Amino acid sequence: MTTTIVLPAHAPAVAELEATAAASVVTTGLRAAGTATSDVSEATSARGAPADWSGDAAEAASHAMTRFGRAADAATTAFTRVSAACDLYAEKVVELISRRDRLVERSSGVNADIDALRTHVQGSTGDDIAALQAEADALRGRADHLHDDVVAFWADVRAAEDALIAAFEAVDTVREGADSAARDTTDIAALRAELTALGGDTDGVNAWWKGLTDAEREALKISDPDLIGNTNGIPTGDRDEANRTSLDRDLDQIGSTPEDERTTAEQRLLDRAIEAENGLAIPAADDHPEVDTHLLVYQPGAFGGDGAVAVSYGDPDTADNTAVIVPGITNDASTIAGQGRDAYTLHQQAIRNGESAATIAWMGYDAPSWNPESAVDWPGDGLDMGSVVTEGRAEDGGRLLADFVDGLRSTDEGERSHLSVIGHSYGSTTAAHAAHDWDIDADSLTLIGSPGAGGDDVDHVSDLDMDPGRVYIGSADNDFVTWLGRDGDLGMGRDPSQADFGATRFGVEDGPEFRADDLGQGIANHTSYFDPETNQQSLDNLAAIVRGDEPDEIDGRAQDANDMALDWAKDEVVDQVVREIETTIEEASEAYDDSTDWVGDRWDDFSGSWR
Amino acid sequence: MPTMDRVMRLATGMLLVVALATLPACSSPDGPDETGPDASGSAAPTAEEVKSEMDAEARSLLPDLVEQLGADLGGMQATFSERGGFGVWDYRASGTLTEPEGDMASVLTTARQVLTDHGFSAEVDREQLRVRGSKGHVVAIVEAALLTDDAEVSALNLSLGNAEAITDDDYAEQAPPEDYLAYLP
């Protein structure tokens, strides 16, 4: 007698999902368009009829402006609605992609089990029939369940697309846009006033933001992207969306102006916008598009045109470990891509322990830099040098840094992130001021290439008010900036790498010695702390600190920093003299050889003619 | 001519004394140029020279490295980037080698061997699970993407970069990215 065991059919392949998470790019574009129309609406409302018009002409112009303003309001509302719908759709797509991946995995599993059972059946005996049939039935149940889930999945895909289409269709005529605007009860001005009134209370800002409706949040991101994107306490994702809206607006508006028609200010602003875009593009260019990038600060016209920009690699709201990197002298928003490269390099090392990380290149203060517009004390060069030898900008920056970190703490979700602040060069002095003056809410403070730990009140690591053992110092002995630390009015405070300062000094490559005619090497030594090729030791130690581990400790300096500078200067003088002597000996030797030849020739001539 | 020798040596000595007496104490008008010598004693390379050297090494090394490790390279682009606003540049490319064949120890050994075969001076750092090789002005780094005690390795970070910083070179600012993935067969 033959017994038939009925096996279930293979589950069909789950079709590809056409939508991708890149749909969020459309949202950014729509939001930027909404911001542009909102700006037009506000400008029109504020302007009214030209001042020198009167009578019927003025009244007609005023009416026309009002009508135009209403139309612009309708368009703004339409953009707000579709942006919100697109945002929801993009979120849904991410979820759907994940669901599809799980379905594909389940489908592969079911099919593999069917194949295995078929093999088993072919080699079975009559005694196995009941067990095999039971196994086949169970497999059929799994296949049927999978089929139902696949059907439900595609229904959800269609529902998400229908909702998006409906949102567009609801406002695809001027009348519908106007109706929508009329129904819209969002009072932007009131919301703006509420937010502004919260000031620097980052916990308050965060609670207030979470209390808004989706529509209110979307409306604010469109009407006031500069405010929302740069207010500490607003969640990272929303700041990023608002700032990318502003970035898109600048790239589009200024970028579309012919180069020879741009003002100097516009060109500077565009340069900073392009650099911000370059900074955001680093992971994708490095074949790591999965690294989330966030534009946490975008104020390209801040600080007299130097600009303020911060780019994060990884999401600080959800990361296990977060680092804020504070750059120093010569940096402004136009160098954010280079700063971003350092932050991204550190990110890739920090996540090697399997935890998530966010590393932020924070150019959120006015570091001394080349800026022709503020070069009042160094004419012809453009470097605002006066500010380099004083701590004013570090003091101001310290407050801004502490506020920014407060914002990160307020938006942190889940388990509290381990947060490190790393200041480089003048940025280390800024970070030290944030610790001493403003009690920065960081788990560790790291000063690399530091010219001084800031202020006359900081004589010892304990004066920085950090937890004991959580101040780390990286100072290369051939980094000339680290020779500047000193007590007294001139300078930026004590050298924090001194043994009696009491901080934990970690190992870095000292870099090659250099002379005055090779200052490029000296600068390379000062800027190598994140560089895997020339300073892997420093990068490994920084990554350990970001992960919350201890770096490899070395002894603090026993020699005074200024004495190191003095020794270098003495060596330089000796070197110059030696080099002159060597050059002279060489020249004299050449002269001797030439003279010998000349005398030899003359002697030959003379002796030839004598014969 | 021993008499002539003595005369010339005397003249040279006098010239030296005069020259030393007139030396400016601390100037070097004819000193080396701004870039100075590098660690190997030769003049520091320009951005263009570094790019040319590193691209040539990548073209030769990457196909062998990918093949010997039995891994996939998703993408790798070499670009110049400036350190802050200092006018100091780096030329670097990095990418990820996925699913290499073998366990961690054998993967690191293979990577070191390939680098050595291509003339790199290479060492393995067992603690950091990293192979680091240098040749001329190029540094190559192959390391486990995850610091783990597991013998299995699912991905490796790969990077090539310049061994010394490049100073103030307009070429670096203008150079387009170089796609190293195109170097693979």
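Chain naming here is simple, since letters A, B, ... match the order of the sequence lines and numbering starts at 1 in each. Note that the structure is a prediction, hence the values are computed from the model and not measured.
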Task: Option in A:Asn525, A:Asn353, A:Asn331 with maximal non-hydrogen atom pairs under 4.5 Å from chain B - done: A:Asn331

- [ ] Side chain from CB out, backbone as N, CA, C, O: work out which of these in A:Ser334 comes under 4.5 Å of a heavy atom of chain B, or both, or neither.
- [x] neither

Open item on the list: Taking the side chain as everything from C-beta on, heavy atoms only, tell me whether A:Arg547 gets closer than 4.5 Å to B:Leu147.
Closed with: yes

TODO: Answer yes when B:Glu82 and A:Arg341 have at least one side-chain N-carboxylate O distance shorter than 4.0 Å, and no when they do not.
DONE: no

Open item on the list: Is it true that, when you exclude A:Glu355 itself, more than 12 heavy atoms of the residues, nucleotides or ligands shown sit nearer than 6.0 Å to its CD?
Closed with: yes

TODO: Sort B:Thr148 into side chain, backbone, both or neither according to what part of it lies under 4.5 angstrom from a heavy atom of chain A.
DONE: neither

Task: Over 12 foreign heavy atoms within 6.0 Å of CD, A:Glu550 - done: yes

Task: Separation between CG of B:Asn157 and CD of A:Gln348, rounded to the nearest 0.5 Å - done: 6.5 Å

- [ ] Name the region of B:Ile141, side chain, backbone, both or neither, that has any atom closer than 4.5 Å to a heavy atom of chain A.
- [x] side chain

Task: Candidate pair A:Asp286 and B:Gln77, rule side-chain contact (heavy atoms from CB on, under 4.5 Å), full reasoning - done: CA-CA 6 Å; A:Asp286 204 39; B:Gln77 205 173 65; over 6 Å; no

Task: Interatomic spacing from OH in A:Tyr344 to OG in B:Ser81 - rounded to 0.5 Å - done: 12.5 Å

TODO: Check for a donor-acceptor pair, side chain of B:Arg83 on one end and backbone N or O of A:Ala524 on the other, with a separation under 3.5 Å.
DONE: yes

Task: A:Glu290, CD: over 12 other non-hydrogen atoms inside 6.0 angstrom - done: yes

Task: Atom group of A:Ala285 that falls short of 4.5 Å from chain B, counting heavy atoms - done: both

TODO: Please name the pair of heavy atoms, one in A:Asp287 and one in B:Thr96, separated by the smallest distance, quoted to 0.1 Å.
DONE: OD2-N, 4.5 Å

- [ ] Give the member of B:Pro177, B:Ser159, B:Ala145 that has the highest number of heavy-atom pairs under 4.5 Å with chain A.
- [x] B:Ala145

Task: Portion of A:Asp531 that has a non-hydrogen atom of chain B nearer than 4.5 angstrom - done: both

- [ ] Select one option (side chain, backbone, both, neither) describing which atoms of A:Asp342 are under 4.5 Å from chain B's heavy atoms.
- [x] neither

TODO: Find the distance between OG1 (B:Thr167) and CG (A:Leu519) and round it off to the nearest 0.5 Å.
DONE: 10.5 Å

TODO: Counting only heavy atoms closer than 4.5 Å, note whether A:Ile282 contacts chain B via side chain, backbone, both or neither.
DONE: neither

Task: Largest heavy-atom contact set with chain A, pairs under 4.5 Å, which of B:Gly161, B:Ala165, B:Ala163 - done: B:Gly161

Open item on the list: Using heavy-atom distances under 4.5 Å, tell me whether B:Leu129 contacts chain A through its side chain, its backbone, both, or neither.
Closed with: both

- [ ] Would you check, one step at a time, whether the test side-chain hydrogen bond (donor to acceptor under 3.5 Å, both in side chains) holds for B:Glu143 with A:Gln536?
- [x] CA-CA 12 Å; B:Glu143 64 182 14; A:Gln536 184 79 64; 4.9 Å; no

Task: Residue B:Ser134 versus chain A: region with a heavy atom under 4.5 Å - done: neither

- [ ] Mind checking the CD-CD spacing from A:Glu533 to B:Glu164? Nearest 0.5 Å is all I need.
- [x] 11.0 Å

Task: Interatomic distance, B:Asp90 atom CG to A:Thr345 atom OG1 [nearest 0.5 angstrom] - done: 9.0 Å

Open item on the list: Under a 4.5 Å cutoff for heavy-atom pairs, which residue among A:Ile351, A:Ile523, A:Asp540 has the most contacts with chain B?
Closed with: A:Asp540

